Each structure stands twice: as structure tokens, then as C-alpha cells.
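To start, the structure under review is shown below, and the notes come after it.
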Amino acid sequence: MDKLVIQGPTKLKGEVTISGAKNAAVAILPATLLIDGICKIENLPNISDVRTYCKILETLGAKITWFSDNEIEIDTRNIGCTQAPLDMTSRFRASYYLLGALLGRCGAAEVGIPGGCNLGARPIDQHIKGFEALGAKVDVAQGKISAKVKKLTGTSIYMDIVSVGATINVMLASVLAEGTTTIDNAAKEPHIVDVANFLNTMGADIRGAGTDVIKINGVKSLHGDTTYSVVPDQIEAGTFMLAAVASKGDILIKNCIPEHLDCITAKIVEIGGTVEDLGDSVRVSMNKRPNKAIVKTLPYPGFPTDLQPQMGVVLSVADGISTINESIWDSRFQYTAELNKMGAKIAPQGGKTAVFEGVKGLVGSQVCATDLRAGAALLVAGTIANGETHLYNLQHIDRGYENIEEKFRNLGAKIQRVSEPDETMCDT
Ligand code: UD1
């Protein structure tokens, strides 16, 4: 098992370039199944979730050519199979998009019950409700989800919960449906807009992505022969913004969309940091101990749950007592036990709230990434802690961050990836 050995403390300084968004990429890849042709995707993050998705598409009949680490061509003219491999699809959450895409393309789909980070209950009732409203029959049994339909027909669907996955999945299923589909109470995250932009570039007619109401006018087919560039990753950018603040550093974060980072910028300014909007980059600096804060995670444009653990690291060393309320996931405070091993004083109050009594500094320790964003947060914690941190369970981090240790090293972090064949540190 690999681990990261981090020697701290370091004030992170310099430039970092943000990769394409993981959560957009893992929706755009299955969306290519709706095209009967060839398309090129650029700015694709080279992360393990993307590589797994490409392998799944190949098992379904897609032909994929890699031009570079971040650029591929996908030929989806010969999709012959509607059964995605159960072992691969049950490994990560975003495999649920194969349901919407294969239903749209072939009228049938079968995938393993989606896995992904253990953040508590992760129901997909809203996805199923959407498919059924479009006319599909959906069965969940024996570790898999199957869906079938003779003809998808556009309709109005009200989402009982604001769900990123359900919004995108219903969008995928309705692009080739007959008539108009309306999604009310849709999620508005940047990657929803990006998936809609991708589909529209290929000939879809989707309006209103990024607002509460999305209208999809069904079209007969989507064309290929187009190149699309994935939007920059809002969460990776936010991770480096918060790393600059936690380390009292100064980082120029390039290739990002400052507007997507508004709520993070607002919190950083509130706790005493500086954020400069430079158009396609932001510069974040901090020259003192952060102020305490109250943070509540919310769907976009609220504070993202995927930056909650990284914000938790900042507040663990803030001046005073802070509170984080997690309103999306039930089990997103697992990282606090790891951070407490590093000298933090965090008291979870049931599943949804934690109180952070700021300490002056953290100390290096042996810690485990309990999920993807927890891993990124603990990496930041390791760079600001006094002494050596050993961070285990890197497979979580590798799912969503491209070249993460190299990017941190370029900012001055002393960090090495080390192989330890018999390591049994973590049981998460
Ligand atoms: C996506 C992101 C994930 C992020 C989350 C919230 C991807 C691949 N993952 O996950 O990184 O943390 O958005 O921003 O894009 N819910 C239901 N029924 C459903 C669907 C969701 O009750 O059918 C609930 C969930 O339990 C959760 C909330 O809705 O409490 C939001 O979930 P959702 O937005 O669907 O998250 P994901 O799309 O799975």
C-alpha cells in the first residue's frame, strides 16, 4: 500500500494549474454513449475514476484513443451491450450515469449498485423516479439496477431533493426522448451546466441548466465530429484556496472560473484571507491565524460539501470556536477523528454538526484518508503540521485529484509517495 510522507510545516507558495472537473468528466464520459459518432474530449482529468470509466465504456463497445494524458477520442458507433460490468460499476458512484445514457441510447441498461465514498446513505430514488416518469421500468435486485423502456417520452419531473446525480441522469435519459422534459427543483452545480453544454455541442436542445428549471427538448440524434473541453474543477481549485489559507501561504490558482468559487472566496475573506480575482485565475493569500467561522454546506451556489473537510482543517487552527453544519451527507465528519490525532480539538455533535476549538498548530501523525475529500484535507493538514505525517489509503485521493503530490511539491510542500507492501494501518 502506498502512503504519503509529509514533512511540515510549510507555507505553500507559488502557482498551481487546476485540472478538468472530476464530477463533470464522469458524467460527460457516459454521455458520449448518446452519440452515434466520434468525439474528442480535452482537459480530461487523469484520475482513477476517469480511467475506470473509460474501461467500462470499452466493455460496452466504445473505442477510445488517448492522444495525451488529458485528451481522448471516443468512437461510440458500435455500442452493442447494455450490461455494464458489475464489479467495475459498483466501485464508484458516478456509474449510475450509465443508466440514463444507456436508456437513452439503447432503451435498456444494467449496472451494479453504485459504490463510491462512504458518506452515509446514498439513495437513488430520485433517479429512479425520473426514469419511471419518462416511461422506463426499473428493478433493483441482487446487487444491480436494471432499466428498460420501449420509448422514452418527455414529461414534467419535480425533484423532491436537489440532487446533482438525479438532475444529470434524467437529463441524459431525456435528450433523445420524444417531446419535452422539464426538471423542476434541479441542481445548479457548474458541472451540470458543463454536461448540458457538452450535450448541446453534440446537437441536444437543453435550456436552463444552472437554474432551478431545466427544459430538454428531445432530438432525434446527436452528432459527433466535435471537440469539447471539460470545465475546470471547482473543488480542486477550492482545495488549493483553502490550502493557501491553512498554511498562511500565497498561491496563484490558474485555470479556474472565479465565479464558481464565490462562496469559498466569501468565507476566506470572512476569516481574514485575501482573494484576488484575475479572470481565469485567483490568487489567495493569508498572513495571520484564520478567524473563527460558522459554515453550513448547501447545494450550489452554497458552500460545497466536497470542501467541508478542507475547510475543517482551516477551522481546526482558527482563532476561537467554529461550527460546521453538514446538510448534505450523514457521515462526512469521519476525518475529524484523524485530525484530532494531529492535535485538533474537534467535537462532532451527532452526524451533522461539529464544533472546532481552534488550536495554535497541528502535529504530524499517522492518519488515514476515510474518503476522497477527507484525504485531500489530511494532505493539507500534513503540510501545515509540525513534524512528519504519514497519510494512508491514497486510493481515495487518486480517484479525484490529478498529480496531487506533484502539485503540492511545486508549492513547496515536502511530500513523497512511498510504497509499503505490508502496511495494515487503515481498515476503512
Ligand atoms: C454529487 C457529487 C459529490 C457531491 C454531491 C453533493 C458526483 C459524481 N458526485 O454526488 O461529489 O458530494 O453531488 O454536492 O458528481 N439524494 C436522495 N435521493 C436521490 C439522490 C440524492 O435522497 O435519488 C440525497 C443524497 O442522499 C444527498 C443529497 O440528496 O443527501 C444530495 O445528493 P446528490 O446531489 O445526488 O449527490 P451525488 O450526485 O451522489
Side-chain angles (χ1 to χ4, degrees), residues 20-31 45 47-50 52-53 89 91-101 111 113-133 138 140 145 147 157-173 183 185-196 212 230-231 233-236 238-239 260 263-264 296-311 325-335 351-352 371-377 396-397 399-401:
K22 162 191 171 279
N23 287 345
V26 296
I28 286 172
L29 287 170
I47 51 176
S48 68
D49 270 9
V50 160
T52 306
Y53 230 127
T89 47
R91 245 188 266 156
F92 70 117
R93 179 81 180 156
S95 59
Y96 50 37
Y97 292 135
L98 291 164
L99 288 166
V111 306
I113 292 190
C117 287
N118 177 17
L119 306 175
R122 299 189 78 169
I124 57 162
D125 55 297
Q126 298 303 305
H127 303 234
I128 293 173
K129 170 179 155 169
F131 298 147
E132 288 178 340
V138 184
V140 184
I145 307 170
I157 298 159
Y158 176 81
M159 295 287 172
D160 301 310
I161 283 190
V162 177
S163 160
V164 171
T167 301
I168 293 179
N169 231 343
V170 172
M171 210 158 79
L172 294 175
I183 306 174
N185 201 25
K188 296 179 279 208
E189 270 68 3
H191 48 288
I192 290 174
V193 179
D194 204 44
V195 178
D212 294 324
V230 178
V231 71
D233 197 314
Q234 175 210 23
I235 302 301
E236 191 197 5
T239 300
H260 293 167
C263 62
I264 304 137
K296 183 178 169 100
T297 65
L298 287 169
Y300 189 82
F303 193 92
T305 173
D306 287 355
L307 287 173
Q308 190 259 95
Q310 300 87 317
M311 189 66 184
N325 179 250
E326 168 61 50
S327 80
I328 313 286
W329 301 117
D330 294 333
S331 306
R332 194 131 225 188
F333 284 119
Q334 294 173 71
Y335 73 92
K352 294 265 179 170
D371 60 67
L372 167 59
R373 306 304 172 184
H396 289 300
I397 304 179
R399 281 190 42 227
Y401 288 90

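Residue indices begin at 1 and follow the sequence shown. No experiment lies behind these values; they were computed from the predicted model shown. Whatever order the structure lists ligands and atoms in, that order sets their numbers, starting from 1.
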Starting at CD1 of I235, measure out to CD of Q310 and round the result to the nearest 0.5 Å. 7.5 Å

Any nitrogen or oxygen of Q126 lying under 3.5 Å from a nitrogen or oxygen in ligand 1? Just yes or no. yes

Pairwise side-chain contact, T239 with D233, heavy-atom cut-off 4.5 Å (strictly under): no

Quick look: V164 vs ligand 1, heavy-atom contacts under 4.0 Å, and the answer is both

Which atoms of ligand 1 sit under 4.0 Å from any heavy atom of I124? 19 (C), 23 (O)

Within reach of ligand 1, part of R373 (heavy-atom separation under 4.0 Å): neither

Please say which of K22, E236, R373 ends up in a side chain to side chain donor-acceptor pair (under 3.5 Å) with Y401. R373

Within 4.0 Å of some non-hydrogen atom of T305, the atoms of ligand 1 are 6 (C), 12 (O), 14 (O)

Any N or O of I328 closer than 3.5 Å to N or O of ligand 1: yes

Can you check whether Y53 and F92 have ring centres sitting under 6.0 Å from each other? yes

Ligand 1-proximal atoms of W329, by part, heavy-atom distance under 4.0 Å: side chain

Does G165, backbone or side chain, put an N or O under 3.5 Å from an N or O of ligand 1? yes

Do T167 side-chain atoms and A187 backbone N/O form a donor-acceptor pair below 3.5 Å? yes

Near R332 (heavy-atom distance under 4.0 Å), the atoms of ligand 1 are 12 (O)

Is any side-chain heavy atom of L99 closer than 4.5 Å to one of F131? yes

Which option out of S163, A25, A24, S95 puts a heavy atom nearest to atom 21 (C) of ligand 1? S163

Which of the ligand 1 atoms, numbered from 1, are nearer than 4.0 Å to a heavy atom of H127: 23 (O)

Test item: K188 side-chain N/O and V164 main-chain N/O as donor-acceptor pair under 3.5 Å: no

Give the C-alpha distance, both sets of side-chain angles, the deciding distance and a yes or no for side chain to side chain donor-acceptor pair (under 3.5 Å) between D371 and H396. CA-CA 6 Å; D371 60 67; H396 289 300; over 6 Å; no

Y96 near ligand 1 by a heavy-atom separation under 4.0 Å: yes

Contact between H191 and ligand 1, counting heavy atoms under 4.0 Å? yes

Do any N/O atoms on D125 end up under 3.5 angstrom from N/O atoms on ligand 1? yes

Side chains of Q126 and D160: any donor to acceptor distance under 3.5 Å? yes

Nearest option to atom 20 (C) of ligand 1, as decided by whichever heavy atom of A166, P299, A94, P123 sits closest: P123

So is Q308 close enough to ligand 1, meaning a heavy atom under 4.0 angstrom away? no

Compute whether any side-chain donor of one residue and acceptor of the other, for Y335 and Q308, lie under 3.5 angstrom apart. yes

